Every structure is written in C-alpha cells, then in structure tokens.
Amino acid sequence: MIHKFQSVKGTKDLLPTETPRWRELEETVHKFISRWGYLEIRTPAFEPTELFVRSSGEGSDIVTKQMYTFEDQSQTSITLKPELTAPVIRAYIQHNLAKQGGTTKLYYIDSLYRQERPQAGRLRQFHQFGVEAIGSSNPEQDAEVIALAYLILLDLGIEDLELYLNSIGSVETRKRYRKILSGYFLEHEHQLSNVSRERLHKNPLRILDTKDKKEQTLLSNAPKIYDYLTQDDQDHYEAVKHHLTELEIPFIQHDLLVRGLDYYTRTTFEITSSKLGAQNALCGGGRYDNLVESLGGPPTPAIGFAAGIERILMAQKDTRTGEDKPDRIYVVCATENARDFVLKLTMDLRKQGLPVEFDALRRSLKAQMRDANRLKCTFAVIIGEKELDSETIQLKNLTTSEQKTVQLGTLITYLTKELKL
RNA sequence: GUGGGCGUAGCUCAGCUGGUUAGAGCACCUGGUUGUGGCCCAGGAGGCCGUGGGUUCAAGUCCCAUCGCUCACCCCA
C-alpha cells in the first residue's frame with residue numbers, strides 16, 4: 001500500500017472554497033493601507049538566523065523554541081522568518097531607504113513560520129499583514145499606526161474589538177522595573193503558581209500576564225510600570241492617549257500588557273476579539289526605537305503592528321460574499337463528430353474574453369448539460385451533426401430554459417450583447 | 001514539551017450492553033428522454049470502521065500501544 005502524503009502538522013491547504021475570502025481580505029488591506037501612504041515591501045522567506053536572535057532577543061520564546069532553523073549547503077544558518085519586523089528593518093537598512101527623506105512607511109502581507117503546537121488560531125505557517133512607520137519618535141506617529149490597525153479591523157467587519165494600550169518605557173526603565181518587580185514577587189513567592197514561579201527567573205514581566213485567578217490580588221498590589229517611566233516616557237504616553245481620544249479610537253489602558261519580543265520600547269498595544277478562542281489577539285504592535293540601530297543602521301525610531309490573517313478570518317462575521325460571477329457559457333458536444341469543432345469554438349469564444357467551459361471527459365449530452373447546470377452556467381451552446389451541417393448552433397438559456405437556433409456567424413455578437421460580464 | 005476530546009463512504013454523522021453480507025443524508029454515476037440541465041422516480045458505485053497488537057467461539061464496539069486531527073496549557077498573530 002502506497003503511503004499517502006499529508007500536509008505537515010500545523011500547515012493548511014487553502015481550497016477553492018476559501019481562497020475568495022482571502023483574496024477579498026488582501027484586496028481590502030492593499031487598498032486601505034495604501035490610502036494611508038504606506039508602500040508595499042516583500043522580503044525573502046528566510047533570513048540569516050542571527051537576524052532574529054539579535055532582534056527578538058536570545059531568551060525570547062521565538063528564538064529558544066519556535067524557529068525553523070537549518071544549515072544550507074554552505075553551512076550558513078538559515079531561519080524561516082518567524083516575524084516580519086526584523087526582515088523589513090534589515091531591508092530598510094540594506095537599501096538605505098532612509099535616503100528618500102521623511103518617514104519610511106512600509107506594509108506587507110506575508111507568511112510566517114513558528115514551530116509551536118497548533119491550536120485554534122495558531123498554525124505553524126500562518127499569515128500576517130502589518131506596517132512599519134520608520135523615522136518618527138513623535139506620539140502622532142503612534143496614534144496613526146494604532147488608528148490604522150483599529151480602523152482596518154473595523155473595516156474588515158470585525159465586531160467586539162478591544163484595543164489594549166500600555167507603555168513599557170525605555171530599555172533602561174524596563175530593566176529597573178524588572179528588578180523591582182522580581183523583588184516584589186520574591187517576597188510573595190509562596191503565593192505564586194508553579195508557572196509563575198518559573199517565570200520569576202526567566203522573565204518576571206510575564207507573571208503580569210497570568211490567567212491564574214488566585215494571583216490577581218497579588219498582581220493588583222504589584223508595582224506598576226507606569227510609576228517607573230521617565231517624565232519623557234510619561235509625556236509621550238499621555239500624548240498618544242490624547243490623540244487616540246481625539247480620533248475617537250476607544251482603548252483600554254492595560255498596565256500589565258508586556259510583549260514577548262525584546263525590542264519594544266514605550267508604546268505597546270494589542271487588539272483582541274471575543275469571537276476568538278484562547279488565542280484572541282488579532283493584532284499586536286508597538287514602538288521599537290532601538291531596533292534599527294541594533295541591527296546596524298543609524299539611530300532611528302519606529303513603530304509598527306502585525307495582524308494575524310487566519311484569526312481575522314475567524315473573527316469576521318461570515319459575510320459570504322456572494323460575489324456575482326459573470327455569466328458562464330458551456331459549449332456542449334451533442335455528437336461525436338462535433339468534438340473538434342467544440343474545442344475550436346470554445347477557444348474562439350474565449351479569445352473574445354468570454355468565460356467558457358467545455359467537457360474534456362467525452363461525457364454524454366445529458367451529462368454535459370448536468371455539468372453546465374452544476375457549474376451554474378447561464379448559457380449552453382449545443383453543437384451536433386445537424387448544427388455542423390447547417391452552420392448554426394442551439395443556444396439554450398439555462399435560467400429560462402428557452403432554446404433557439406442561432407447562426408454561427410452571429411453567435412459572438414449575440415453573446416457579447418446578451419451577457420452581463 | 002504537557003494534558004483533555006475525537007478518528008466509521010468524498011462530506012456530515014448513526015451504529016444500544018461485542019453477535020449474520022457495516023448504515024443514513026448530502027455529493028457522485030447510470031437509466032426513466034433513439035441529441036437537452038435543475039425537481040421527481042428507479043438503480044449503482046464507493047469503507048483493510050486511522051494503524052499494529054491483545055482478549056474472545058466472535059471486535060467498528062472491550063484492553064494496550066502507535067499515528068493523525070482537535071482543543072487547552074506554555075507563548076503569541
């Protein structure tokens with residue numbers, strides 16, 4: 001028995017039943033984001049492993065356990081991209097996009113790869129769209145990016161959006177806060193769950209994310225990062241909130257929101273939908289003012305977000321777009337000796353831009369008619385011996401069941417006039 | 001990596017406490033029309049019941065293992 005292949009765990013085929021929804025989403029993304037002045041960028045599927053280690057952080061989960069890493073034939077360590085900010089910034093530096101002046105505003109729609117255990121809303125190959133606005137450190141830029149994320153999700157028809165906002169300050173602030181926080185939790189270590197106790201040493205900030213109800217009171221008394229922000233950080237944060245309020249973008253301050261990647265500074269945000277399962281984040285993003293420099297570029301502030309396409313598709317209310325297909329034509333072969341002519345006529349009609357089907361299975365007339373019906377064709381062009389002899393065709397309207405004889409010479413003019421295409 | 005649930009026809013599923021040739025709906029094919037679809041009627045094809053082992057006179061059904069899918073933890077989009 002021959003072994004049947006299956007798609008690799010955590011990967012999915014998009015069948016013709018679902019590709020229309022993907023296309024529709026992608027078109028919306030292209031249109032919406034370009035209107036805001038962002039330009040599309042496409043980066044390679046893989047990058048030097050070191051790029052992700054340097055940007056995401058050596059201790060981050062992505063780097064320690066989620067990357068698809070391999071050595072190519074020249075023993076270079078290669079990694080399938082697990083996130084998109086680093087490759088975009090790499091390209092930005094490599095091609096010196098800054099030289100164009102102003103801010104550099106880029107967007108992408110792309111595939112990512114992370115080796116995690118799949119579950120609802122989480123795959124090993126998945127898709128995101130996102131933007132990176134590179135060059136401005138000002139709060140208006142934060143507001144623009146956050147507004148873009150929020151409004152595009154609204155436009156995509158997602159209900160129950162919740163936007164969570166936080167500021168985690170500079171890298172130094174975070175280091176200082178981290179120390180204070182672990183001090184606090186160390187004092188109360190006996191009240192911590194096993195998971196949290198582990199995090200205490202790896203990354204105490206993550207304890208703030210806990211879902212353990214028993215720890216909630218402990219958390220509410222924990223030192224808040226806001227109190228450790230510098231005056232500049234606070235001013236920036238306040239300005240971002242002010243802008244969002246002005247723009248009528250509703251947000252929820254969430255001082256426990258910390259992100260998994262090391263490169264974030266100041267603003268972080270996340271948008272969730274209650275329509276999703278446990279993996280309820282549709283979109284995550286934040287400011288990363290040190291990344292460009294740490295990847296070898298000039299000191300350059302930047303902010304961006306990435307949104308998960310699979311999750312958006314899950315959260316969308318099922319707006320089955322019954323996009324009206326153009327009227328299709330089925331050229332039916334009624335007798336064997338008409339076969340050659342059927343193929344030729346099919347091609348002639350297609351050359352006129354008409355959407356035309358024919359039967360390559362040599363099925364019976366009846367079967368062809370059934371097929372035409374199954375394919376929701378609006379016209380059947382029937383050709384048999386009689387028609388060959390008289391240079392006519394039978395034209396049957398499959399909606400009204402009317403049938404008439406049409407001169408072959410006038411068929412194309414007739415069809416192009418009759419059909420809404 | 002850890003835990004729960006589930007694997008029966010192309011799809012959605014039924015199959016009670018183990019007992020004859022394993023079922024339904026939808027989809028598919030043929031016929032009812034010597035050259036005509038949709039509805040209807042008649043018929044048909046399609047299953048090593050995920051895989052391997054065990055218990056038993058007898059296993060889709062019980063036990064063990066294994067693989068796969070799925071949900072959750074971890075983490076994140």
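To find a chain, count down the sequence lines: A is the first, B the second, and so on, and within it residues start at 1. As a basis for the values below, the full set of heavy atoms in this structure was taken, side chains included, without hydrogen atoms, waters or symmetry mates. Predicted model, so just to flag it, every value in this text is computed and none were measured.
Pairing for B:G38 is absent, with no Watson-Crick or G-U wobble pair whose two atom distances lie under 3.5 Å. B:G25 and B:C11 make up a base pair, with Watson-Crick or G-U wobble contacts both under 3.5 Å. As the counterpart of B:C16, no nucleotide is assigned, since no Watson-Crick or G-U wobble pattern has both distances under 3.5 Å. Applying the Watson-Crick and G-U wobble criteria (two distances, each under 3.5 Å), B:U66 pairs with B:G50. Nucleotide B:A58 forms no Watson-Crick or G-U wobble pair with any nucleotide shown, as no partner meets the under 3.5 Å limit on both distances. Taking a pair to require two hydrogen-bonding distances under 3.5 Å in either a Watson-Crick or a G-U wobble arrangement, B:U2 pairs with B:A72.
Of the listed nucleotides (B:A77, B:U36, B:U30), B:U36 has the atom at the smallest distance from the side chain of A:Met369. The side chain of A:Ser364 sits closest to B:U30 out of B:C73, B:U30, B:G37. Here the nucleotide nearest the side chain of A:Ala334, chosen from B:C29, B:G35, B:G37, is B:G35. With B:G35, B:C73, B:U36 as the choices, the nucleotide that has an atom nearest any side-chain atom of A:Glu387 turns out to be B:G35. Closest to the side chain of A:Lys65, out of B:A77, B:C74, B:C73, is B:C74. With B:G3, B:A77, B:U30 as the choices, the nucleotide that has an atom nearest any side-chain atom of A:Arg117 turns out to be B:G3. In the set B:G37, B:C74, B:G3, the nucleotide with an atom closest to the side chain of A:Gln119 is B:C74. For A:Arg311, counting side-chain heavy atoms from C-beta on, the closest listed nucleotide (B:G68, B:C29, B:C76) is B:C76.
Judged by distance alone, with hydrogens and angles left aside, the side-chain atoms of A:Ser56 form no donor-acceptor pair with the main-chain N or O of A:Val53 at under 3.5 Å.
Below 30°, between 30° and 60°, or above 60°: for A:Tyr263 and A:Tyr288 the angle between ring planes is above 60°, a perpendicular geometry. Below 30°, between 30° and 60°, or above 60°: for A:Tyr226 and A:Tyr237 the angle between ring planes is between 30° and 60°, a tilted geometry.
A gap of 34 Å separates the C1' atoms of B:U2 and B:C48, to the nearest Å. The gap from the P atom of B:G25 to that of B:C41 amounts to 11 Å, rounded to the nearest Å. Here the separation of B:C49 from B:A42, taken at their C1' atoms, is 30 Å to the nearest Å. Across B:G31 and B:U8, the matching C1' atoms stand 31 Å from one another, rounded to whole Å. Taking the C1' atom of each, B:G10 and B:U17 are spaced 33 Å apart, rounded to whole Å. Rounded to the nearest Å, the gap between the C1' atom of B:U12 and that of B:G47 is 16 Å. Rounded to the nearest Å, the gap between the P atom of B:C71 and that of B:C64 is 26 Å. Rounded to a whole angstrom, the distance from the C1' atom of B:G53 to that of B:C16 is 28 Å.
Distance, A:Glu310 CD to B:U70 P: 13 Å, rounded to whole Å. Distance A:Tyr330 OH to B:G35 P: 18 Å, rounded to the nearest Å. Atom-to-atom, CG of A:Asp61 to P of B:U2 comes out at 17 Å; the value is rounded to the nearest Å. The CD1 atom of A:Ile329 sits 22 Å away from the P atom of B:U36 (whole-angstrom rounding). Atom pair A:Leu276:CG and B:A72:C1' shows a separation of 15 Å (rounding to whole Å applied). To the nearest angstrom, C1' of B:U36 lies 5 Å from CG of A:Leu365. Atom C1' of nucleotide B:A77 and atom CG of A:Leu84 are separated by 10 Å, given to the nearest angstrom. Between the CD atom of A:Glu385 and the P atom of B:U34 there is a distance of 17 Å, rounded to whole Å.
Between A:Lys9 and B:C69, a side-chain N or O to OP1/OP2 separation shorter than 4.0 Å is present. Distances shown here put every side-chain N or O of A:Gln6 at or beyond 4.0 Å from the OP1 or OP2 atom of B:C67.
Remark: the A:Lys366 side chain and the B:U36 base include no donor-acceptor N/O pair separated by less than 3.5 Å. A:Arg370 contributes no side-chain N or O that forms a donor-acceptor pair with the base of B:U36 under 3.5 Å.
Here the side chains of A:Leu398 and A:Met369 are in contact, with some heavy-atom distance below 4.5 Å. In this structure the side chain of A:Phe269 never reaches within 4.5 angstrom of the side chain of A:Asp142, judged on heavy atoms.
For the pair A:Arg42 and A:Asp110, the salt-bridge criterion is not met [side-chain N within less than 4.0 Å of a carboxylate O].
Annotation for A:Lys224: atom NZ counts as buried by contact number, over 12 foreign heavy atoms lying within 6.0 Å.
Ranked by how close their nearest RNA chain B nucleotide is to the 5' end, A:Ala120 and A:Asn280 are led by A:Ala120. For the pair A:Ala306 and A:Ser7, nearest-nucleotide mapping onto RNA chain B gives the more 5' position to A:Ser7.
Base contact: A:Gly121 has a heavy atom under 4.0 Å from a base atom. Heavy atoms of A:Glu83 sit nowhere under 4.0 angstrom from any nucleic acid atom.
Side-chain N/O atoms of A:Gln125 and A:Thr11 include no donor and acceptor closer than 3.5 Å.
With its glycosidic angle within 90° of 0, B:G38 is assigned syn.
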